[in-house]
2 protein chains.
Amino acid sequence: MTRTTPDPFAVWLPLARAHKAILTHVEAALKSAGLPGLDRYDILWELEQAGPDGLRPFELQGRLLLPQYGVSRLVDRLARAGHLTRSACDGDGRGQVLVLTPEGAEVRAAMWAVYSAAMQQAIGDHLAKGEARRLAELLGKLIRDDDTVTPRQDTGQPGQSAP
Amino acid sequence: MTRTTPDPFAVWLPLARAHKAILTHVEAALKSAGLPGLDRYDILWELEQAGPDGLRPFELQGRLLLPQYGVSRLVDRLARAGHLTRSACDGDGRGQVLVLTPEGAEVRAAMWAVYSAAMQQAIGDHLAKGEARRLAELLGKLIRDDDTVTPRQDTGQPGQSAP
DNA sequence: TGAAAGTCAATGCACCTGCATTTAATTTCT
DNA sequence: AGAAATTAAATGCAGGTGCATTGACTTTCA
């Protein structure tokens, strides 16, 4: 006998809609607070974790799951906004070192307040603890192994949150 | 006492990653089959359902949850690709009527074969029926009411699948 | 009727993304 | 050492997206 499998669209439709709803909600909250979009959050967070030694773009690339040119341009925008500094990397003439500025840290903190509150509204307020746990577990089954990030210490204010 | 709520990020992170993984998988399958991206699928499907009478752009807008200019441009691309025809709308001089071409129908059918198979791989193969049902149910709790589409008869080949 | 308000659709502008390529430095290998 | 291969990062180009505005037509209503 052939084992029957579920209709994938019965999962995909609500998954896509939930994703869109949450993202829309959070982005709207950030925008109405005059803050940058979610795409900038993770990089600020990673740089904050890295501290004054900073990070190289290619290290960021590994952590953020962005293509090389994506990092290059994101870094460029952040630098123009004054949220990070680029400086030559001694020991490797090709590279550069990225360090968060104080302004960048302030922006990240302000974003976190809005971001976490919006997520709480969009998700936490709609699920009981047990439901959330089960949902996370089921979603985990859908994640393919090949796009996994280099693990990092958990410190409470997650990265990897961008679309 | 205050009721405790779950950590929203414990849900958001796997949700975002599952969404991305599925989308990447499906888009890659379509691309490697030389077919248009997922964004075009739903509109082709809606037009196919509408039959020879076609649809007005603003009707599409309601069904697809796209902004007005999004529909305008998507329609423009589809028209240039020969997948639909635009013709003046008698009775309303502002509007136009969109009708699927035979080529458009062929493309949609070809997309469906790839699309549904890819979804099966990305979702169906990873979940048991009961898990899928529960997952869909939990995701439903996260969908805000304000971005709901006008309901349509279910005919087996879903729209509303785009990112 | 005819002016004001509303609706349908397109578009200019700025910005973002993917792809492929380029530039420049470094590592590997003989 | 020196040529070849590899790696770091930027960029030109084509296209996609959001926002605000415009143009054209229709409806409302005094």
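Letters A, B, ... are given to chains in the order of the sequence lines, protein chains preceding strands, and every chain is numbered from 1.
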A:L142 versus B:L135: any side-chain heavy-atom pair under 4.5 Å? yes

Side chain to side chain contact (heavy atoms under 4.5 Å, CB included) partners of A:A10, counting only residues at least two apart: A:D7

Write down the distance between CG (A:D39) and P (D:dG16), rounded to a whole number of angstrom. 20 Å

Hey, quick one: are A:Y69 and A:L78 part of the same hydrophobic cluster, counting side-chain heavy atoms closer than 4.5 Å, chains of contacts allowed? no

5' precedence on DNA chain C between B:K31 and A:R40 (nearest-nucleotide basis): A:R40

Atom-pair distance (CG on B:L66; P on D:dG18), nearest Å: 8 Å

Do the side chains of A:V107 and A:P36 get nearer than 4.5 Å, heavy atoms only? yes

Does a side-chain N or O from A:R77 land closer than 4.0 Å to OP1 or OP2 of C:dC16, or not? yes

Atom CD of A:E27 and atom P of D:dC19: how far apart are they, to the nearest Å? 11 Å

Mapping A:G91 and A:R80 onto DNA chain C by nearest heavy atom, which one lands closer to the 5' end? A:R80

Any chance you could list the contact pattern along nucleotides 5-12 of chain C? Use B for base contacts, S for sugar-phosphate-only contacts and - for none, protein heavy atoms under 4.0 Å, 5' to 3'. -BBSBBBB

Just wondering, do B:L65 and A:K20 contact through their side chains at under 4.5 Å, heavy atoms? yes

Got a salt bridge between B:R134 and B:E137, using NZ or NE/NH1/NH2 to carboxylate O under 4.0 Å? yes

Could you check how far CG of A:L38 sits from P of C:dC16, rounded to whole Å? 15 Å

